[in-house]
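Single-structure report; data block below.
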Amino acid sequence: HIILNSLSFYLFRKTSILPEAAPTFVEFMRDLTLCYFVGDFFIYWEHVIMHKIPWLRHNIHAAHHRFTSPLFSFNAGWVHPVEIAVAALC
């Protein structure tokens, strides 16, 4: 793992161009808000698609609904690995 990190740093450090200055607070908040809404949009539609397509609902998304707990708010994090990968891409 350390060797891979070191190798990737060596290979890509010359092509990485960093900005001269950090973004302003307003720019940072604008971009953070934009990322939040765009990400939420994609996550919403990923969830809708998981419910609408029967095969995905029964084979992937059902893991999310099978888990029961007295602490219901933690159930959202109990998902199939494929679904978490798709959500991460969103």
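Hydrogens, waters and symmetry mates play no part in the numbers below; they use all other heavy atoms, side chains included. Here, residue 1 is the first one in the sequence, and each next residue gets the next number. Treat the numbers as computed from the prediction; the structure is a model and nothing was measured.
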task = With rounding to the nearest 0.5 Å, note down the distance linking CG in Asn59 to CZ in Arg57.
result = 10.5 Å

Ignoring hydrogens and angles, write down the donor-acceptor pairs under 3.5 Å from the side chains of residues 26-33, residues two or more places apart or on other chains.
{"residue": "Glu27", "atom": "OE1", "partner": "Thr24", "partner atom": "N", "Å": "2.9"}
{"residue": "Glu27", "atom": "OE1", "partner": "Thr24", "partner atom": "OG1", "Å": "3.4"}
{"residue": "Thr33", "atom": "OG1", "partner": "Met29", "partner atom": "O", "Å": "2.8"}

task = Return the set of residues passing side-chain hydrogen bond (donor to acceptor under 3.5 Å, both in side chains) with His80 (not counting sequence neighbours), or none when no residue passes.
result = none

Under 3.5 Å, sequence neighbours excluded: what are the donor-acceptor pairs made by side chains of residues 35-48?
{"residue": "His47", "atom": "NE2", "partner": "His51", "partner atom": "NE2", "Å": "3.0"}
{"residue": "His47", "atom": "NE2", "partner": "His61", "partner atom": "NE2", "Å": "3.2"}

ask   = Given the rule that I, L, V, M, F, W and Y join up when any side-chain heavy atoms are under 4.5 Å apart, are Val82 and Ile84 in one cluster?
value = no

query = Could you walk me through whether Glu83 and Met50 pass the side chain to side chain contact (heavy atoms under 4.5 Å, CB included) check?
reply = CA-CA 9 Å; Glu83 187 169 2; Met50 287 288 178; 4.0 Å; yes

